[in-house]
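The structure appears right after this line, and notes come after that.
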Amino acid sequence: MKPIILVAGSSNTDMVVKTSVLPRPGQTVLGGQFFMNAGGKGANQAVAAARLGGAVVFVAKTGADIFGSQAIEQFKKEDIDCRYIFCDPAVASGVALITVDAAGENCIVVAPGANDRLGAADVLLAREAVLQADIVLVQLEIPLETVDALVELAVAAGKRVILNPAPARVLPDRLLKRISLITPNEKEAELLTGIPVVDADTALLAAKALSVKGIGTVIITLGKKGALVWDGRTSAVLPAPKVEAVDTTAAGDVFNGALAVALAEGRELTDAVGFANHAAALSVTKLGAQASAPGREETELFMEQGRK
Ligand code: RIB
């Protein structure tokens, strides 16, 4: 039986340009290849979780346009339950403008469109699905009151909630204290705690500061260095496998989707983070967001190779 993962969040169409260097403010650079790709942090996490073995229910909102319908078509191909993807004909579907440099680093601007209209009332319509979920995963490309309503519903039903606090924003303590597990990257951890995260020691300080707010488990993702895990008693840095980076877009999303599946399957925290590190590393070797999310077999084979 596949574990049920409920993901609530954004769906975007990514407009991507490859360039040798990212432009500075006021600068125009001549880039290279352009492509359109399905993205959005919520949708990327939902697709990653589905490919890695989760039965995924996705709660989201699109506009009544071609971008929205193409995204939903793709979710159906991934066997994602789309019953709670709402449509608001008054707004456009979400779009992200992305530039990716030669080292695979990116710059992203999001026009949220319909993502901003996913409301607390929509989440309440998905109540049945929340009650059936093994784990709930949410990020911050939808309104904060929607995140709040989902967390309240999930926690009242005794569900574990993973909050991926991306994109970075200040969050109220009353929200943080209800989260079971939080997964900021270095920059997001700094914004949430005021502690600049530059290495494993400062990551641990930030993780401890977050657990003081009442979060049971903190995982700070450290890019190619892996992830720091703090469960309130012990900490560990789990290294990421080394890969040739092509595009880091959505690596964090793949990490979160994989983590949700592994935890919902009952795997130990460090095992789950190891699995997520491998899935995220594989995603970095390919261009695009959802296009780069690996499957279960590919990820397990990659882990197996690392053990040899
Ligand atoms: O995390 C990567 C995602 O951020 C992109 O797919 C883009 O749509 C933005 O939401």
Side-chain angles (χ1 to χ4, degrees), residues 7-18 22 34-51 58-63 65 67-68 70-72 74-75 78 80 85 91-101 104-118 137-144 146-147 162-169 182-189 191 219 221-224 227 245-260 276 279-294:
V7 183
S10 58
S11 170
N12 295 331
T13 299
D14 293 349
M15 311 271 176
V16 187
V17 179
K18 284 280 288 174
L22 300 175
F34 164 79
F35 63 99
M36 271 183 12
N37 172 43
K41 294 187 194 304
N44 299 342
Q45 295 180 10
V47 167
R51 288 191 191 155
F58 186 36
V59 181
K61 190 166 271 185
T62 67
D65 50 26
F67 289 157
Q70 275 174 349
I72 294 169
Q74 184 57 32
F75 302 144
E78 304 283 352
I80 291 173
I85 302 182
V91 282
S93 298
V95 167
L97 303 181
I98 304 182
T99 38
V100 180
D101 74 9
E105 291 302 330
N106 61 50
C107 268
I108 305 181
V109 181
V110 176
N115 297 309
D116 247 358
R117 302 275 188 109
L118 182 72
L137 173 60
V138 65
Q139 347 60 37
L140 300 174
E141 270 182 353
I142 54 174
L144 200 51
T146 310
V147 175
I162 302 178
L163 172 64
N164 171 226
R169 63 194 285 182
I182 194 164
T183 57
N185 65 18
E186 291 124 310
K187 291 273 175 303
E188 291 148 6
L191 187 92
I219 297 171
T221 55
L222 306 168
K224 60 182 172 207
V246 172
D247 181 3
T248 56
T249 308
D253 302 331
V254 171
F255 181 94
N256 279 278
L259 182 72
L282 277 175
S283 79
V284 162
T285 63
K286 294 187 194 122
L287 263 179
Q290 283 160 45
S292 72

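Numbering of ligands and ligand atoms starts at 1, following listing order.
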**OP:** Test side chain to side chain donor-acceptor pair (under 3.5 Å) on T249 and D247 and set out the steps.
**Re:** CA-CA 6 Å; T249 308; D247 181 3; 2.6 Å; yes
Original post:
Does S10 have a non-hydrogen atom less than 4.0 Å from ligand 1?
Top reply: no
Subject >> Residue K18 excluded, over 12 heavy atoms near NZ under 6.0 Å >> reply: yes
Original post:
Going by the order shown, which atoms of ligand 1 are within less than 4.0 Å of some heavy atom of A96?
Top reply: 7 (C), 8 (O)
Original post:
Closest non-hydrogen protein atom to atom 7 (C) of ligand 1, residue and atom name please, with distance?
Top reply: D14 OD1, 3.3 Å
**OP:** Answer yes if the side chains of Q70 and Q74 hold a donor-acceptor pair under 3.5 Å, and no otherwise.
**Re:** no
Subject >> Protein heavy atom at shortest distance from atom 4 (O) of ligand 1 >> reply: K41 NZ, 3.1 Å
**OP:** Please check if the side chain of Q139 supplies one atom and the backbone of P165 the other of a donor-acceptor pair under 3.5 Å.
**Re:** no
Subject >> Donor-acceptor pair, side chain of S93 and main chain of G63, under 3.5 angstrom >> reply: yes
Original post:
Under a 4.5 Å cut-off applied to non-hydrogen side-chain atoms, are N256 and N44 in contact?
Top reply: no
**OP:** State the atoms of ligand 1, each with its element, that fall below the 4.0 Å cut-off from a heavy-atom position in E141.
**Re:** 4 (O), 9 (C), 10 (O)
Subject >> Contacting atoms of ligand 1, where contact means under 4.0 angstrom from a heavy atom of A289 >> reply: 6 (O)
**OP:** Around atom 2 (C) of ligand 1, find the nearest protein heavy atom and jot down its residue, atom name and distance.
**Re:** D253 OD2, 3.3 Å
Original post:
Of the non-hydrogen atoms in E105 and L22, which two are nearest, and what is the gap between them?
Top reply: O-CD2, 4.2 Å
Subject >> Side chain to side chain, I219 and P184, heavy atoms closer than 4.5 Å >> reply: no
Subject >> Under 3.5 Å: N/O of V110 near N/O of ligand 1 >> reply: no
Original post:
So which heavy atom in the protein is nearest atom 3 (C) of ligand 1, and how far is it from that ligand atom?
Top reply: N44 ND2, 3.6 Å
**OP:** State the atoms of ligand 1, each with its element, that fall below the 4.0 Å cut-off from a heavy-atom position in G39.
**Re:** 6 (O), 8 (O)
**OP:** Give yes if a backbone or side-chain nitrogen or oxygen of T249 is under 3.5 Å from a nitrogen or oxygen of ligand 1, and no if not.
**Re:** no
Original post:
Short list, please: which atoms of ligand 1 are under 4.0 Å from a heavy atom of N12?
Top reply: 7 (C), 8 (O), 9 (C), 10 (O)
Original post:
Distance from D253 atom CG to S283 atom OG, nearest 0.5 Å?
Top reply: 8.5 Å
Subject >> Atoms of ligand 1 close to G40 [distance to a heavy atom under 4.0 angstrom, numbered from 1] >> reply: 5 (C), 6 (O), 7 (C), 8 (O), 10 (O)
